[in-house]
Amino acid sequence: MQYYSTNRQAPDASLQEAVVKGLAPDRGLYMPEVIPSIPKAFFNNISEMSLQDIAYVVANTLFGQDIESEKLKNIVNETLNFDIPLKHVNGNIYSLELFHGPTLAFKDVGARFMARLLGYFNRKNNGEGSTVNVLVATSGDTGSAVANGFLNVPGIRVYVLYPKGKVSKIQEAQFTTLGSNITALEVDGTFDDCQALVKSAFMDKELNDRMQLTSANSINVARFLPQMFYYFHAYAQLAKMGKPLDNVVVSVPSGNFGNITAGLIGKRMGLPIKRFIAANNRNDIFYQYLQTAEYSPRPSVATIANAMDVGDPSNFARVLDLYGSYKAIAAEISGCTYTDEQIAETLKDTYKSAGYLLDPHGAVAYRSLLEGLDGNETGIFLETAHPAKFKDTVEQIIGERIDIPAKLAAFMKGTKSTVKMSPAFSAFKKFLLKNA
Ligand SMILES: *Cc1c(COP(=O)(O)O)cnc(C)c1O
């Protein structure tokens, strides 16, 4: 399968090229040239299939031309070695819990799949012993998902750049205690400094001649497309529960819109979802777009659902490309926007009345279903992170202490190891060349 750029000014790319490049040379985002259909018969017995088996069928439909089936099966099985259960919360509303992976957030799925796909292409084309270097700047959560996703994958080295003293202890522990092929660089500066270092590295000719450099953010097709697997699995679980399947609504807590875009492409491939809700906090660029038909990015503001504090969602270009017009977008996707007070109120009420503890991101999506679901519809919201990842916020809202899951606590027991780095590019470049 070939991939084209949403800006249409770059040559088409193979899957491997799209994965290695990340962004197209014309700064557009790669999209699959054809959105293949999954046969209708697949949905007849989907309720009997496991997450891994469903994911393999979907993966094979998308990537089957580019990877041998046995290899693809291994990549899928290794990626999805944890559960993604659908739990009843209230009325017709269900939570798809995407937080049972290594770092307790949905980004684990895309990061783990991408790591294995990149490792596969690297071995196939460059042979054993060659190394791909993944550079990732993080303000907290992306670094942990990528570092853990790529941990111990042969042929890959990961450099995580983070601003010294500006991420929480628990976030820091998730990428500074791993060792092996993961190196954490503690930059004496801000997140913007970290991002600037990574950008400069990608543009530096000498570095790129001497070593293979790759990014791992959500614009990468290998990170965003695999996120559609769990939309199919959610549908399968509804089917297994014997729930009505003809009016399913999915609400997705959205920041850069990678997660929801994967679901939208899943629908185009045949997954019978009636409509989607893109759930926003006060960074409601997409909600405003739906109201006005004008896309007006603006600087982000800080909220308690901070993984959605995005002022110019990078995957908006893909949504527009997929639908082609405002009218088509608005026919299938609605929006919502909530303040911190509304998010906190929903989190607290749901805990007290339904006994279900939401995280601040899931709370945004859950509220959109409470307010926007018709009587004959069944609602699923994506619970994108475990509430303990936002321990201080959540405890303050509900007025109770919450437990830290063993998986998170284990990171805290590890020994922190970092390389101190100045925000000057010359120092970063020297360091990378020394390790090349
Ligand atoms: C990254 C993230 C989001 C936003 O996902 P997008 O794919 O960027 O829209 C939502 N919730 C949590 C917990 C996240 O980490």
Side-chain angles (χ1 to χ4, degrees), residues 29 84 95-111 113-114 136-149 167-168 170-171 174-175 191 216-231 250-266 276-287 289 297 300 303-319 333 335-338 343 347 357-368 381-391 393-394 408:
L29 278 64
I84 303 184
S95 169
L96 186 69
E97 292 187 348
L98 295 166
F99 55 68
H100 297 278
T103 74
L104 309 192
F106 83 94
K107 290 189 179 74
D108 283 333
V109 174
F113 189 92
M114 179 181 165
V136 54
T138 187
S139 55
D141 264 6
T142 301
S144 59
V146 169
N148 284 275
V167 307
S168 74
I170 187 120
Q171 284 176 327
Q174 288 175 75
F175 52 78
F191 170 64
N217 50 23
S218 72
I219 56 156
N220 199 297
V221 290
R223 247 195 80 187
F224 104 94
L225 283 174
Q227 296 173 154
M228 79 170 64
F229 300 160
Y230 45 70
Y231 289 82
V250 179
S251 181
V252 186
S254 295
N256 267 320
F257 279 65
N259 201 2
I260 195 169
T261 304
L264 297 170
I265 296 178
F276 284 82
I277 303 175
N280 280 159
N281 59 26
R282 281 197 300 130
N283 297 284
D284 59 358
I285 286 70
F286 187 77
Y287 176 82
Y289 169 76
S300 64
T303 77
I304 59 171
N306 58 13
M308 290 153 51
D309 295 349
V310 177
D312 187 3
S314 45
N315 285 289
F316 180 74
R318 284 193 168 115
V319 177
I333 315 171
C336 70
T337 171
Y338 298 120
I343 297 169
L347 200 155
L357 187 59
L358 296 158
D359 97 291
H361 306 79
V364 176
Y366 175 67
R367 184 170 178 136
S368 73
F381 67 98
L382 305 196
E383 207 0 320
T384 45
H386 192 289
K389 294 203 88 170
F390 307 92
K391 188 170 188 288
T393 305
V394 171
L408 271 191

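Positions are given from 1 along the sequence. Each ligand, and each atom within it, is numbered from 1 in the order the structure gives. Since this is a predicted model, take the numbers as computed values, not measurements.
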For ligand 1, which atoms, with element, lie under 4.0 Å from some heavy atom of [X]?
X	result
P253	4 (C), 10 (C)
A385	13 (C)
K107	1 (C), 2 (C), 3 (C), 14 (C), 15 (O)
S254	9 (O)
G258	6 (P), 7 (O), 9 (O)
N256	6 (P), 8 (O), 9 (O)

Nearest neighbour of atom 5 (O) of ligand 1 from the list F390, F286, F106, on a heavy-atom basis: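 Closest candidate by heavy-atom distance is F106.
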
The one among T142, V252, N259, T103 that brings a heavy atom closest to atom 7 (O) of ligand 1: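 Comparing heavy atoms across T142, V252, N259, T103, the nearest one to atom 7 (O) of ligand 1 lies in N259.
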
G255-ligand 1 polar pair, N/O distance under 3.5 Å: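 G255 vs ligand 1: N/O contact under 3.5 Å present.
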
Check: D359 N/O within less than 3.5 Å of ligand 1 N/O: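 It does not: no N or O of D359 is found under 3.5 Å from an N or O of ligand 1.
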
Atom 12 (C) of ligand 1 - nearest protein heavy atom and its distance: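 I find the closest protein heavy atom is T384 OG1, 3.4 Å.
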
Residue that, paired with F106, satisfies side-chain contact (heavy atoms from CB on, under 4.5 Å) out of T384, V252, L382: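 For F106, the side-chain contact (heavy atoms from CB on, under 4.5 Å) check succeeds only for T384.
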
Option passing side-chain contact (heavy atoms from CB on, under 4.5 Å) with L98 (candidates I84, L104, D108):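 By the side-chain contact (heavy atoms from CB on, under 4.5 Å) criterion, L98 pairs with just one of I84, L104, D108: I84.
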
Intermediate values then yes/no, side chain to side chain contact (heavy atoms under 4.5 Å, CB included), V221 and M114: CA-CA 8 Å; V221 290; M114 179 181 165; over 6 Å; no

Residue pair N280 / T337, side-chain donor-acceptor N/O under 3.5 Å: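 No pair is found: no donor N or O on one side chain lies under 3.5 Å from an acceptor on the other.
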
Note, S251 side chain near Y366 side chain (heavy atom, < 4.5 Å):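 No, too far: nothing below the 4.5 Å cut-off.
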
V319 side chain near L264 side chain, heavy-atom distance below 4.5 Å: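 Yes, side chains in contact.
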
Stepwise side chain to side chain contact (heavy atoms under 4.5 Å, CB included) test for I265 and Y231: CA-CA 10 Å; I265 296 178; Y231 289 82; over 6 Å; no

Side chain to side chain contact (heavy atoms under 4.5 Å, CB included) evaluation trace for N283 with M308: CA-CA 7 Å; N283 297 284; M308 290 153 51; over 6 Å; no

Ligand 1-proximal atoms of K389, by part, heavy-atom distance under 4.0 Å: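 Near ligand 1, K389 shows nothing, with every heavy atom at 4.0 Å or more.
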
Distance in Å, D141 CG paired with K389 NZ, rounded so as to fall on 0.5 Å steps: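 Nearest 0.5 Å value for the CG-NZ distance: 4.0 Å.
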
Any F224 heavy atom less than 4.0 Å from ligand 1: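 Contact absent.
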
